[in-house]
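All values below were derived from every heavy atom in this structure, side-chain atoms included, with hydrogens, water molecules and symmetry-related copies excluded. Values in this document were obtained by computation on a predicted structure and should not be read as measured data.
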Amino acid sequence: MKQIPLLLLVLAIMSCNVQVDKPEIIDESYDPTDEELFAACADLQGVGQFIIDKTTFKNALNDKDFKNSSSSFDRKSNLYNGHWGHDFWKTKNDDISSSFEKEKWITKEAKGRIKQLKPQFSGIKIGDLEFDKFDMAFLNDTLVAIFFYPEDKIENDIIDHYKEKYGDGKGHYKYYYSRVQTGDDITVTTTTDEKRTWANEKIALDYVNKEYFHMEPGSKSTGFFEHTLLIYSKNRYPVFEELLMSLSKQYDENLQKSKSKTLNTL
């Protein structure tokens, strides 16, 4: 089911004189066997020419689409910005200054084992498709994950394509659309919770779609949106993630030991 963009939905509510008394509710679960899921997703391997467990760091740097969508600053590993940047590994005590120092230490200690590429100020265009986010993670110079999301205008096209090609995947789709009443009394509540995983023996693709919208007289309109796609190597991406997080933890432990040593001199 294609969803109506929330802005268009609100405009439609305010321009029409229609009342919906019964909420629309969809609650679907998908639980194929691994054998069924893997067979349906046998062709899952990456995004366009960027192939998980195959594309190298050098391949990505020299790719024409990446070059056209990036600056010279983007053509080197960056573990501060992007999906696997400081928002991924920072702790609650990290401020901007300490995060910069921590990223430098992580990069040095990683010794090239983990890297990230991302177009810094824009997404990437692959063929006729434009992506707002396209962050690539590399383990030992080989692509192990891509965190990406298409432009809003083609989002439904991309997700519908995955459903048509690979089936419903494993997960659930919950859609709740409450009461809409025009005039002076307007109440809108839209809640969406969708999670799907398409996977074969080696590659997995996780899709998360969370939306919440609330509108009523006398209350400030609210909204929450989380749309993400992550395709990754089932064997090698966890190694990347574990190494990144262990280095972050090690830095914190070293810092704490240094502070304790200094305190003991007082």
Side-chain angles (χ1 to χ4, degrees), residues 45-91 93-151 202-206 227-255:
Q45 60 177 351
V47 183
Q49 65 270 36
F50 299 97
I51 308 302
I52 301 296
D53 283 334
K54 184 176 180 180
T55 297
T56 66
F57 190 79
K58 185 176 181 180
N59 291 153
L61 284 179
N62 292 330
D63 179 80
K64 61 180 180 61
D65 289 330
F66 182 76
K67 282 185 174 181
N68 291 337
S69 304
S70 61
S71 66
S72 58
F73 178 79
D74 304 322
R75 298 186 190 111
K76 59 182 180 179
S77 179
N78 181 343
L79 291 175
Y80 185 84
N81 302 110
H83 179 68
W84 292 282
H86 69 283
D87 284 337
F88 189 86
W89 46 254
K90 72 179 181 182
T91 54
N93 294 324
D94 292 342
D95 55 24
I96 294 177
S97 178
S98 63
S99 291
F100 272 121
E101 292 302 315
K102 189 172 182 178
E103 188 271 342
K104 290 179 182 178
W105 186 89
I106 290 174
T107 298
K108 179 181 178 181
E109 292 299 312
K111 299 177 181 177
R113 290 174 290 172
I114 54 175
K115 297 178 182 179
Q116 178 184 208
L117 282 178
K118 72 174 303 296
Q120 187 66 22
F121 300 109
S122 64
I124 187 173
K125 186 174 182 179
I126 300 177
D128 295 326
L129 303 178
E130 296 187 32
F131 297 87
D132 288 331
K133 296 182 182 296
F134 205 87
D135 303 343
M136 295 180 281
F138 297 82
L139 176 68
N140 296 325
D141 278 329
T142 302
L143 183 65
V144 294
I146 306 172
F147 178 83
F148 66 107
Y149 214 82
E151 285 193 330
K202 296 181 179 180
I203 310 297
L205 170 62
D206 293 339
H227 299 190
T228 62
L229 283 160
L230 175 68
I231 188 168
Y232 55 93
S233 168
K234 293 166 67 174
N235 291 328
R236 302 182 73 235
Y237 173 61
V239 178
F240 171 96
E241 190 177 72
E242 173 61 26
L243 179 55
L244 178 58
M245 297 309 295
S246 65
L247 286 172
S248 174
K249 182 179 180 180
Q250 185 179 341
Y251 179 89
D252 292 339
E253 291 174 348
N254 291 346
L255 190 62

Original post:
Looking at side-chain heavy atoms only, is the closest gap between Leu139 and Ile114 below 4.5 Å?
Top reply: yes
Original post:
Is a side-chain N or O of Trp89 found less than 3.5 angstrom from the main chain of Gly85, in a donor-acceptor match?
Top reply: yes
Subject >> Heavy-atom closest pair, residues Leu230 and Phe148 >> reply: N-CE2, 4.5 Å
Subject >> Over all atoms of both residues, closest heavy-atom pair of Ala60 and Phe138 >> reply: CB-CZ, 3.8 Å
Original post:
Is the shortest heavy-atom distance from the side chain of Gln45 to the side chain of Lys54 under 4.5 Å?
Top reply: no
Subject >> Least distance between heavy atoms, Ile146 atom then Met136 atom >> reply: CG1-CG, 4.2 Å
Original post:
Quick one: does Asn62's side chain have a donor or acceptor within less than 3.5 Å of a partner on Asn59's backbone?
Top reply: no
Subject >> Nearest heavy atoms of Glu109 and Leu247, plus distance in Å >> reply: CB-CD2, 3.8 Å
Subject >> Side chains of Ile203 and Lys234 in contact at under 4.5 Å (non-hydrogen atoms) >> reply: no
Original post:
Going by distance alone, is a donor N or O of one side chain under 3.5 Å from an acceptor N or O of the other, for Asp65 and Asn68?
Top reply: no
Original post:
CD1/Ile106 to CG/Leu244 distance, rounded to the nearest 0.5 angstrom?
Top reply: 6.0 Å
Original post:
Are the charged groups of Lys102 and Asp252 less than 4.0 angstrom apart, N to O?
Top reply: yes
**OP:** Give a yes or no answer on whether the side chain of Gln116 reaches the backbone of Trp84 with a donor-acceptor pair at less than 3.5 Å.
**Re:** yes
**OP:** Please report the C-alpha distance between Leu205 and Tyr232 in whole Å, then the side-chain angles of each, then the deciding distance to 0.1 Å, and finally whether the side-chain contact (heavy atoms from CB on, under 4.5 Å) criterion is met.
**Re:** CA-CA 7 Å; Leu205 170 62; Tyr232 55 93; over 6 Å; no
Original post:
Which distance, rounded to the nearest 0.5 Å, do you find between the CG of Asn140 and the CG of Leu243?
Top reply: 8.5 Å
Original post:
Less than 4.5 Å apart, any side-chain heavy atom of Ser70 and any of Arg75?
Top reply: yes
Original post:
Taking atom NE2 of His86 and atom OG of Ser248, what is their separation to the nearest 0.5 Å?
Top reply: 12.0 Å
Original post:
Would you call Asp53-Arg236 a salt bridge at under 4.0 Å N-O?
Top reply: yes
**OP:** Kindly give the heavy-atom pair with the smallest separation between Pro119 and Phe134, and that separation in Å.
**Re:** CD-O, 3.4 Å
Original post:
At what distance, to the nearest 0.5 angstrom, does OH of Tyr251 lie from OG of Ser98?
Top reply: 6.5 Å
**OP:** Please round to the nearest 0.5 Å and tell me the distance separating atom CG of Leu117 and atom CG of Leu61.
**Re:** 5.0 Å
Original post:
For the residue pair Ser233 and Pro238, what are the closest heavy atoms and their distance?
Top reply: O-CD, 3.5 Å
Original post:
Would a distance-only check, ignoring hydrogens and angles, find a side-chain to backbone donor-acceptor pair under 3.5 Å from Arg113 to Phe240?
Top reply: no
Original post:
So, Glu103 and Thr107: side-chain donor and acceptor under 3.5 Å apart, yes or no?
Top reply: yes
Original post:
Quick one: OH on Tyr149 to CG on Asp135, what's the gap to the nearest 0.5 Å?
Top reply: 15.0 Å
**OP:** Is it possible for you to check whether Lys115 lies under 6.0 Å from the centre of the six-membered ring of Phe57, through NZ or CZ, and within 45° of that ring's axis?
**Re:** yes
Original post:
Would Phe147 and Lys118 satisfy side-chain contact (heavy atoms from CB on, under 4.5 Å), going step by step from the backbone distance to the final call?
Top reply: CA-CA 10 Å; Phe147 178 83; Lys118 72 174 303 296; over 6 Å; no
Original post:
If we only count heavy atoms from C-beta on, is the Thr142 to Thr55 side-chain gap below 4.5 Å?
Top reply: no
Original post:
Just wondering, do Asn254 and Gln250 contact through their side chains at under 4.5 Å, heavy atoms?
Top reply: yes
**OP:** Run the ring-centre check on Tyr80 versus Phe100 and record whether the distance is less than 6.0 Å.
**Re:** yes
**OP:** Would you please test Ile231 and Val47 for side-chain contact (heavy atoms from CB on, under 4.5 Å) and show each step?
**Re:** CA-CA 8 Å; Ile231 188 168; Val47 183; 4.0 Å; yes
Subject >> Passing candidate, side-chain contact (heavy atoms from CB on, under 4.5 Å) with Ser69, options Ile124, Ile126, Asp63 >> reply: Ile124
**OP:** Starting from the C-alpha separation in whole Å, work towards a yes-or-no answer on side-chain contact (heavy atoms from CB on, under 4.5 Å) for Met245 and Lys249.
**Re:** CA-CA 6 Å; Met245 297 309 295; Lys249 182 179 180 180; over 6 Å; no
